[in-house]
Peer 1: 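The following block contains the structure, expressed as structure tokens.
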2 protein chains.
Amino acid sequence: MPEFLDLHGRTSKAVRAVAEAAVRRHGLHLGQDHLLAVLWQEDGRTPGEVAAALNVTTANVVKAATRMTAAGLLTRRRDDRDNRLVRLWLTDAGRALQEPVERERRLIEESITADLSPAEREQLMSALTKIHRSATAMLTTPADQSTPATP
Amino acid sequence: MPEFLDLHGRTSKAVRAVAEAAVRRHGLHLGQDHLLAVLWQEDGRTPGEVAAALNVTTANVVKAATRMTAAGLLTRRRDDRDNRLVRLWLTDAGRALQEPVERERRLIEESITADLSPAEREQLMSALTKIHRSATAMLTTPADQSTPATP
DNA sequence: CCTCGATCATTAACCGGTAAACGACCTGAG
DNA sequence: CTCAGGTCGTTTACCGGTTAATGATCGAGG
């Protein structure tokens, strides 16, 4: 029922669907492009490092890495010095996706914000930043709804 | 990398996490509250009707309904006149959640938008509406990125 | 009356995401 | 040197979401 949560949820789903469709044209699933983006920036990171960079659990990265390894995008290799660690390396196929995927992502960004004036876009980013800050604060500070305002 | 998509994704995840934590305090999972909301409005709907109201697949509603039936929130019963149809009925437990869940959802809406002035809030809703419209349009009209502007 | 197509719900197989349990490995204190 | 505790990755079991295949039922035409 609440206005913002409802609109945000529907918008979020629609945006997600657009990104999903776009990335699927390159044989990827949504989320896999984020994992690739981290490795495009720097190769040979561990699942834990990738998870931290993506703000996701390590288990999630492991599962995705398994699928992407099977798909020929990644290579797994244990670290020689510390045998607990596993390092993820891009294959040529995984590296080849960088340019087209990043380009498409830029196009989506443009198309999806095309109806907004520069001022509107600026205000939207500002507002979303505030929402993001509030939300993350509410996650670490549980259930302060008894004191909504700080006098 | 794109500014908006990145910020939107992170914000979306944070907001989702807040809603998840809130609804979990009442023994629900995120999404189940939406299903309940439809039934709170009117009881005895079919999975297909609920799915259409939530903009979700019927299969998803069926799965959720199965779990919620096991949790004692719902009751399944086949329609007498048309035996293909199944109607979902709230139990007392399911109906009892309406007031606390809706109240908490309102509180979250307030808390999460507390840093925004009324004007900012208005602009945010307007911008999100435009984003939503663009995104849904891009879903039905695939790959018009070769003609970004309509001259 | 009977069949054939449309309309339902359901199931199974995938995804991304999570939390929890597990096991292998390193490291530092004794 | 040993061993206890911390740090990893992996596995398993959920949840919400999807698509595709299956199955039961209704309804209309012949």
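Below, chain A is the first sequence line, B the second, and so on; all start at residue 1.
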Peer 1: Could you state the CZ-P distance from B/Arg67 to C/dT11, rounded to the nearest angstrom?
Peer 2: 12 Å

Peer 1: May I ask you to decide whether B/Arg121 forms a salt bridge with B/Glu109, counting only side-chain N to carboxylate O separations under 4.0 Å?
Peer 2: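 Looking at B/Arg121 and B/Glu109, the cut-off is met.
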
Peer 1: Which part of the nucleic acid does A/Arg24 contact within heavy-atom distance under 4.0 Å: base, sugar-phosphate only, or nothing?
Peer 2: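 No contact.
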
Peer 1: Taking atom CZ as the centre, does B/Arg87 end up with more than 12 heavy-atom neighbours from other residues, nucleotides or ligands that are less than 6.0 angstrom away?
Peer 2: yes

Peer 1: If you assign A/Asn83 and B/Thr58 each to the DNA chain C nucleotide with the nearest heavy atom, which residue ends up on the more 5' nucleotide?
Peer 2: B/Thr58

Peer 1: So B/Gln32, base contact, sugar-phosphate only, or nothing? Heavy-atom distance under 4.0 Å.
Peer 2: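 Sugar-phosphate only.
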
Peer 1: Would B/Asp43 and B/Arg95 count as a salt bridge (charged side-chain N to carboxylate O under 4.0 Å, His left out) here? Give the steps.
Peer 2: CA-CA 10 Å; B/Asp43 228 7; B/Arg95 202 171 279 106; 3.0 Å; yes

Peer 1: Do we see a donor-acceptor contact under 3.5 Å between the side chains of A/Arg76 and A/Thr66?
Peer 2: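 Yes.
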
Peer 1: Once you round it to whole Å, what is the distance between C1' of D/dC14 and CD of B/Glu20?
Peer 2: 12 Å

Peer 1: Nearest nucleotide by nearest heavy atom, which residue falls closer to the 5' end of DNA chain D, A/Thr46 or B/Ala59?
Peer 2: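 Per heavy-atom nearest nucleotide, the more 5' residue is A/Thr46.
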
Peer 1: Taking NZ from B/Lys63 and C1' from D/dT18, how many angstroms apart are they, rounded to a whole number?
Peer 2: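 One finds 9 Å between C1' of D/dT18 and NZ of B/Lys63, rounded.
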
Peer 1: Would you mind telling me which residue lines up with the more 5' stretch of DNA chain C, A/Ala64 or A/Arg78, judged by nearest nucleotide?
Peer 2: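 Its nucleotide being nearer the 5' end, the pick is A/Ala64.
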
Peer 1: For B/Thr46, is there any backbone N or O sitting under 3.5 Å from a side-chain donor or acceptor partner on B/Glu49?
Peer 2: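 Pair found, side chain donor or acceptor close to backbone of B/Thr46.
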
Peer 1: Below 4.0 angstrom from OP1 or OP2 of C/dG23, is there any side-chain N or O of A/Arg84?
Peer 2: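 So the side-chain polar atoms of A/Arg84 never come under 4.0 Å of the phosphate oxygens OP1 or OP2 of C/dG23.
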
Peer 1: Over all strands shown, is B/Val61 touching base, sugar-phosphate only, or nothing at heavy-atom distances under 4.0 angstrom?
Peer 2: nothing

Peer 1: Would you say a side-chain N or O of A/Asn60 is under 4.0 Å from OP1 or OP2 of C/dT18?
Peer 2: yes

Peer 1: Check whether any side-chain nitrogen or oxygen of A/Thr57 sits under 4.0 Å from OP1 or OP2 of C/dG17, and answer yes or no.
Peer 2: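 No.
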
Peer 1: Is A/Arg76 touching bases, backbone alone, or none of the nucleic acid, heavy atoms closer than 4.0 Å?
Peer 2: sugar-phosphate

Peer 1: Is it the case that C/dG17 (base atoms only) and B/Lys13 (side chain only) share a donor and an acceptor within less than 3.5 Å, ignoring hydrogens and angles?
Peer 2: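 Result: no qualifying N/O pair found.
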
Peer 1: When all nucleic acid strands are considered with a 4.0 Å heavy-atom cut-off, which category describes A/Val62: base, sugar-phosphate, or nothing?
Peer 2: base

